[in-house]
Each structure stands twice: as C-alpha cells, then as structure tokens.
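Below, each value reflects all heavy atoms present in this structure, side chains not excepted, and no hydrogens, waters or symmetry copies.
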Amino acid sequence: MEKAVEKVTYEIYIKSFYDSNDDGIGDLAGITTKLNYLARLGVDAIMIDGLLVDPHQTVNASRSFCDINPVYGTLADFDELVARAQQLNIAVGIKFSINHTALDHPWFQAASAGDNKYQNYYLVCPQEHITANSNRNWLPLGTTGYDYLHINKLGQADLDWRNPDVVAEFKAIFEFWLEHQVSIFQLQDVELIGKDLQLGSPAKLVDRTALRQQLVVEYLDILDNAVFQRFPQVLVIIEQLTHASARTSFKKIWAKPNFVTYTDTHLLIDYQKDDRWTLVPYDFEDLRHVIHSGGVAHQTVLRQSVLFWDNSEQSRALNRFILQPEYYKDGAKLLGMILLAGQGVPMLYMGEEIGMEDPAYTHIEQYQDADTQAAYSHLIAKGYTPERAFAVVRNRSSDNNRVPMQWDASEYGGFSNVAPWMTPGEYDKINVSYEIEKDDSVFAFYHNMIALRKKSLSLQHGEYQPAYEQTPELFAFIRHYGNENLLVLAHFGSETATIELPADRDDCEVLLSNYFTTELTQKYRLRPYEALIIKY
C-alpha cells in the first residue's frame with residue numbers, strides 16, 4: 001500500500017467503544033452506529049482490536065480466527081459495518097495474534113483429545129523431557145502424555161509454524177477475511193513464531209534470544225506470495241519486533257510495498273529495568289531520542305512504520321508524558337501534533353481525540369485486567385503497603401486504556417444504558433458531546449491536524465530531520481518535501497523556552513497551534529506545553 005502514509009487509522013477496542021444492545025459490552029453494531037462521528041473526525045480507516053477474542057477471557061488469544069464471538073455480533077453485522085464504512089470511504093482492519101490460540105479453540109480441543117494432526121499444530125513435548133527449569137512454560141495437553149508450550153501467558157497455546165498445515169490454515173484465514181473486505185491486518189506477536197526445536201532443549205525454546213527471525217521472514221514471505229500480493233490495496237502491520245536486529249533481518253519484508261512495522265519502544269522508557277510494575281518518572285531525553293530514532297530509521301532502514309501513542313495494553317500517554325495535569329488539554333493536542341506530523345503511518349487510539357485520561361479509580365476491585373490483579377498481589381507479597389501497591393497498578397494497568405468510550409455526560413458516559421463491563425472514567429468532564437461543539441477543543445484540534453496532514457505532501461512523504469536537540473524539553477523536527485519546509489515544535493515544559501526561528505519571521509507562517517492565538521517573533525518564546533507547526 002504505497003499511500004499508507006496518506007491515511008489516518010483509528011484503533012477501536014471493541015469491548016469498550018459503544019454498546020448497542022445494552023449488555024454492558026461494546027459490539028459491531030455499536031461501531032457502525034458511530035461511523036459518522038469517525039467520518040467527521042476525518043479518519044480513513046478503523047482498526048478493530050479484540051474482535052476475535054472472547055470478551056470474557058483475560059488473555060489475548062483467539063477461540064476462532066473466522067467466527068465472531070456472539071457477544072460482539074455476527075458475521076452479517078461485520079459485513080454491514082464494512083459496507084457502511086465503505087460508503088464513508090473508511091477502510092476496516094482487524095487485529096489478532098498469529099502466535100497462539102485460546103485453549104477453547106477447536107484445534108487445541110482436538111489436540112487435547114489425542115488427535116495427532118492437531119497435536120502437530122502446536123509445540124508439544126513428551127512430559128518426561130520437560131525439565132524443572134522450563135516447566136513453567138509447559139502444561140499438560142489433556143491426558144495425552146504431552147505438554148504444550150505457552151511462551152507468554154496462561155490460556156495461550158503456541159502454534160508450530162514449522163508445520164505447513166498451520167501455514168495453510170492461515171492462508172485460508174486471510175483469504176476468508178479478504179472476501180469480507182478487510183483492508184488492514186495487524187498481526188501481533190509475529191516475532192514469536194520463529195521458534196525452532198532444533199535449537200535445543202525445551203528450556204532453550206522459551207528463551208526469546210533463541211528465536212530465529214529468518215524463520216519469521218520465511219513464513220511471512222510464504223503468506224505474501226500466496227495471498228497478499230494479489231491484494232496490493234491491503235496493508236499488513238507486523239507487530240511486535242523488539243530486537244534491534246529486526247531492522248536488517250526483515251529487510252526482505254520491509255521491501256514489500258504493503259508491509260509496515262509496529263514497535264512500542266516509546267512505551268518502555270519509564271519502566272525500571274524492563275519491569276512494568278514500577279513507578280519511575282520518564283526521562284524526556286530518552287523519549288526524544290526514541291522517537292527521533294524511529295523517524296530517522298524510517299528513512300534509512302525501515303520502509304514505513306506505524307506511529308502511535310496509545311494502545312489497549314498500556315496507560316494513556318497523556319498521563320505518562322504530560323507531567324502537569326493542569327496542562328492536560330494542551331498536552332493532548334501536543335501529543336496529537338507529534339503523532340500526525342510524524343513520518344510513518346499514524347494510528348490514533350479511541351479517546352485520544354477528546355483528551356481521555358486514565359480513570360480515577362480508588363480501589364483494586366475496579367480493575368478487570370488479570371495482570372493488574374496479579375501485579376497488585378505480587379507487590380503486596382513483596383512487602384508493599386496496599387496504598388503503595390495500588391499507586392503502582394493505578395499508573396500501569398492496561399485497564400486505563402480500556403475504560404468505556406465517553407460519548408456524553410449522561411449515566412455511564414453514553415456508552416450503554418446499563419452498567420458497563422468496567423467502571424467508566426470521568427465522563428462528566430470529558431466527552432464527545434462536549435468536545436465536538438467547541439472551537440478550541442481537543443477534538444477540533446485533531447480534526448484540523450488530520451485535515452492538514454491530508455493536504456500536506458511534506459507531512460505525508462517529506463524527509464524527517466530532528467531539530468533544536470540542544471533545547472531542553474523541546475521535541476522538534478522538520479518535514480521537508482519539494483520547496484516546502486515545515487517545522488514542528490512540541491514543548492514539554494511548564495516554563496517558557498526561547499528559540500531562534502529558522503527563517504525570517506516575515507517568511508514564517510503558523511499552520512496550526514494548540515494555543516488559540518500565536519504571534520511569531522524572531523526569538524520565539526514557547527509557552528508551557530505549546531505545540532505548533534511553522535511553514536517557512
């Protein structure tokens with residue numbers, strides 16, 4: 001998809017977007033109901049997260065790769081959504097993991113019952129070969145005498161991509177969804193499919209450094225040759241490539257016109273020693289370095305990459321990276337400008353466009369995420385006080401990005417007419433109904449920023465050059481295409497900062513600012529959390 005950088009995608013966590021049938025859970029018909037809103041915002045595509053996952057599960061694992069869970073609707077509902085979206089020139093994408101299945105998937109059920117064909121779909125090992133060092137990643141496969149591998153979480157069973165039958169199954173799965181007019185596939189846990197039993201013992205198999213990226217490239221190449229090359233309009237997003245060597249190992253994949261990468265490096269910068277359940281302030285210099293590195297890599301190694309701040313697995317970037325709550329509104333616009341002016345394929349996450357924040361929960365029972373509950377118990381066991389443990393999970397829980405979408409100030413935020421599956425956030429203060437009517441709202445800013453990106457060749461295709469790197473708390477870069485230069489300034493400080501404009505003031509024009517009034521001076525003083533785009 002050569003024009004992917006011209007498109008703006010909006011990610012929807014289906015369980016929390018809009019409940020159309022009053023069961024407390026979002027659904028396909030709910031998305032269809034809100035398509036006009038998304039068209040008004042200006043997005044070109046939607047990515048549906050969770051469609052193939054049972055909403056009552058606590059892990060990201062599909063019980064079927066082709067059957068929609070009845071809680072979310074039917075295949076007919078999906079087709080209706082796609083048809084209506086196409087009328088509005090909005091493409092539809094789906095997101096799922098290709099590394100594993102849920103334990104109630106028919107393949108796994110057959111394997112557990114002793115079916116040799118389906119046992120070969122999974123990574124299994126005779127139980128007598130499992131060592132004490134590796135047994136936490138191996139669990140009994142029914143009463144077959146075999147154990148199956150789960151490299152990540154309980155409730156997931158890892159597939160064996162070395163089996164041609166597994167590859168053939170996924171060919172058929174992609175063909176199925178292409179027949180139903182899916183335009184984008186976001187494939188999760190891709191690097192994990194490169195497991196090779198020839199590497200050694202079962203213990204070695206669960207060591208992620210032993211994954212073979214060349215195997216991943218081989219499998220993706222097979223899928224591309226068999227399926228995706230016939231659909232050049234389809235975008236394939238490859239998630240999650242965390243190893244630095246992936247940039248070169250995947251050169252063959254990035255050369256393909258419809259494959260792009262998705263990495264979450266920026267979400268790890270406030271982890272202490274890679275431990276998510278810690279509380280440390282993020283370092284702005286680290287954030288600036290990570291994002292600039294991505295912009296430069298896009299030009300030198302990677303063909304295209306997805307740009308995003310939020311997803312359903314983390315807390316809101318607004319809460320993490322904007323340190324003064326009194327500047328959250330300005331900060332929400334600032335983050336939106338960086339996202340939509342960056343080099344790559346921008347993907348918003350639902351609620352960013354209205355400045356949604358992490359919920360102000362007060363007790364652990366309000367969290368539904370199993371990892372959050374387990375982390376809280378673990379911290380208590382380590383000796384944390386309940387108050388300290390709660391402070392950690394409140395800042396780190398995936399549920400922060402899964403609260404129901406805030407449509408209006410009515411009960412439950414207009415998400416549903418009944419109590420939702422999760423306690424809503426502060427919908428009386430932040431909601432679509434309020435935001436959509438205000439000229440200076442976060443929604444209005446996102447709408448204007450999307451419109452600017454769509455008409456600017458510099459923002460779509462221009463070169464990316466970091467700028468003002470010596471200025472503290474200033475994230476800045478230049479997008480250049482043809483004779484046009486655009487300077488993007490995003491000031492993360494609560495104090496003013498002064499810079500020299502890159503050209504004579506009279507030759508500079510402010511295209512967009514998160515402050516309602518902006519008057520340029522040669523030595524321009526950036527206000528707290530100010531963000532603007534200057535053409536020169």
### Task
Would you check if the side chain of Tyr18 reaches a backbone N or O of Gly26 as a donor-acceptor pair within less than 3.5 Å?
no
### Query
Any sub-3.5 Å donor-acceptor pair from Trp177's side-chain atoms to Phe185's backbone N or O?
no
### Task
Mind listing the closest non-hydrogen atom pair of Gly50 and Ile14 along with its distance?
C-CG2, 3.9 Å
#### Entry: Residue pair Tyr328 / Asn319, side-chain heavy-atom distance below 4.5 Å
yes
#### Entry: Test item: Asp77 side-chain N/O and Gly73 main-chain N/O as donor-acceptor pair under 3.5 Å
no
#### Entry: Note, Gln181 side chain near Gln86 side chain (heavy atom, < 4.5 Å)
yes
### Task
State whether the side chain of Asp310 and the backbone N or O of Ala317 hold a donor-acceptor pair below 3.5 Å, judged by distance alone.
yes
### Query
Can you tell me if Asn225 and Arg230 form a side-chain donor-acceptor pair at under 3.5 Å?
no
### Arg479 side chain near Glu463 side chain, heavy-atom distance below 4.5 Å
no
### Query
Do Lys256 and Asp221 sit within salt-bridge range, that is, some charged N less than 4.0 Å from a carboxylate O?
yes
### Query
Where is the tightest heavy-atom contact between Ser62 and Phe96, given as atom of each residue plus distance?
OG-CB, 4.2 Å
### Task
Without swapping roles, check the side chain of Asp49 against the backbone of Ile12 for a donor-acceptor pair under 3.5 Å.
no
### Message
What I want to find out is whether Glu313 reaches Arg276 closely enough, with some N-O distance under 4.0 Å, to be called a salt bridge.
### Response
no
#### Entry: Nearest-0.5 Å distance that lies between atom CG in Leu340 and atom CG in Leu348
5.5 Å
### Task
Measure the spacing between CG of Leu267 and CG of Leu287 and express it to the nearest 0.5 Å.
10.0 Å
### Task
Just do the ring pair (Phe, Tyr, Trp, His ring centres under 6.0 Å) check on Tyr412 and Trp407 with the steps written out, would you?
CA-CA 9 Å; Tyr412 310 128; Trp407 295 102; over 10 Å; no
### Query
So, for Val59 and Gly155, which heavy atoms are closest and what is the spacing to 0.1 Å?
CG2-O, 3.9 Å
### Message
If I compare all heavy atoms of Tyr446 with all of Gly336, which pair ends up nearest, and what's the gap?
### Response
OH-CA, 3.2 Å
### Message
Strictly below 4.0 Å, N to O, side chains only: are Asp358 and Arg320 in salt-bridge contact?
### Response
no
### Message
When you compare the side chain of Pro346 with that of Phe308, does any pair of heavy atoms fall below 4.5 Å?
### Response
no
### Ring centroid separation Tyr427 to Tyr434 under 6.0 Å
no
### Message
Can you give me the closest heavy-atom contact between Gly355 and Leu318, atom names plus distance?
### Response
O-CD2, 3.7 Å
#### Entry: Evaluation steps, side chain to side chain donor-acceptor pair (under 3.5 Å), between His461 and Gln343
CA-CA 7 Å; His461 303 284; Gln343 186 170 52; over 6 Å; no
### Query
Side-chain donor-acceptor pair under 3.5 Å between Lys95 and Asn60, yes or no?
no
### Query
Quick one: does Ser441's side chain have a donor or acceptor within less than 3.5 Å of a partner on Glu435's backbone?
yes
### Gap separating the CG atom of Asp158 from the CG atom of Asn152, nearest 0.5 angstrom
7.0 Å
### Mutual orientation of the aromatic rings belonging to His292 and Phe475 [parallel < 30°, tilted 30-60°, perpendicular > 60°]
parallel
### Task
May I ask you to check whether Tyr10 and Glu353 show a side-chain donor-acceptor distance below 3.5 Å?
yes
### Task
Mind telling me whether Tyr464 and Phe477 have parallel, tilted or perpendicular rings, with 30° and 60° as the class edges?
parallel
### Query
Is there side-chain contact between Val260 and Leu235, with heavy atoms separated by less than 4.5 Å?
yes
### Query
Between Phe415 and Trp421, does the ring centroid distance fall short of 6.0 Å?
no
### Task
Measure from the side-chain N and O atoms of Asn258 to the backbone N and O of Gln233, and report whether any donor-acceptor pair falls under 3.5 Å.
no
### Message
Can you classify the ring geometry of Phe228 versus Phe259 as parallel (below 30°), tilted (30 to 60°) or perpendicular (above 60°)?
### Response
perpendicular
### Task
Would you please classify the geometry between the Phe65 ring and the His105 ring as parallel, tilted or perpendicular, with 30° and 60° separating the classes?
tilted
### Task
Could you tell me whether a side-chain N or O of His266 sits under 3.5 Å from a main-chain N or O of Trp309, the two making a donor and an acceptor?
yes
### Query
Less than 4.0 Å between a side-chain N and a carboxylate O, is that true for Arg316 and Glu352?
no
### Task
For the pair Thr32 (side chain) and Leu28 (backbone), establish whether a donor and an acceptor sit closer than 3.5 Å, ignoring hydrogens and angles.
yes
### Query
Taking the six-membered ring for Trp, are Trp107 and Phe170 parallel (under 30°), tilted (30 to 60°) or perpendicular (over 60°)?
perpendicular
### Query
Side chains of Ser97 and Asp189: donor-acceptor distance under 3.5 Å anywhere?
yes
## Note on the structure
dist Leu511:CG -> Ser456:OG (nearest 0.5 Å) comes out at 7.5 Å
### Message
Is the shortest side-chain heavy-atom distance between Val306 and Thr9 below 4.5 Å?
### Response
no
### Query
What distance do Ile68 atom CD1 and Asp27 atom CG have between them, rounded to the nearest 0.5 Å?
11.0 Å
### Query
Is it the case that Ser315 and Asn400 place a side-chain donor and acceptor less than 3.5 Å from each other?
yes
### Task
Check the side chains of Glu239 and Gln186 for a donor-acceptor pair under 3.5 angstrom, ignoring hydrogens and angles.
yes
### Message
Distance alone, cut at 3.5 Å: any donor-acceptor contact between the side chains of Asn311 and Tyr262?
### Response
yes
### Lys252 with Asp224: basic N within carboxylate O range, under 4.0 Å
no
### Task
Would you tell me whether Tyr121 and Glu169 have side-chain atoms, one donor and one acceptor, within less than 3.5 Å of each other?
yes
### Query
For the residue pair Gly425 and Pro359, what are the closest heavy atoms and their distance?
CA-CB, 4.3 Å
### Between Phe321 and Phe492, ring centroids under 6.0 Å
no
### Query
Can you check whether Val8's main-chain N or O pairs, donor with acceptor, with Asp44's side chain at less than 3.5 Å?
yes
#### Entry: Arg453 side, atom CZ; Ile533 side, atom CD1 - distance, nearest 0.5 Å
10.0 Å
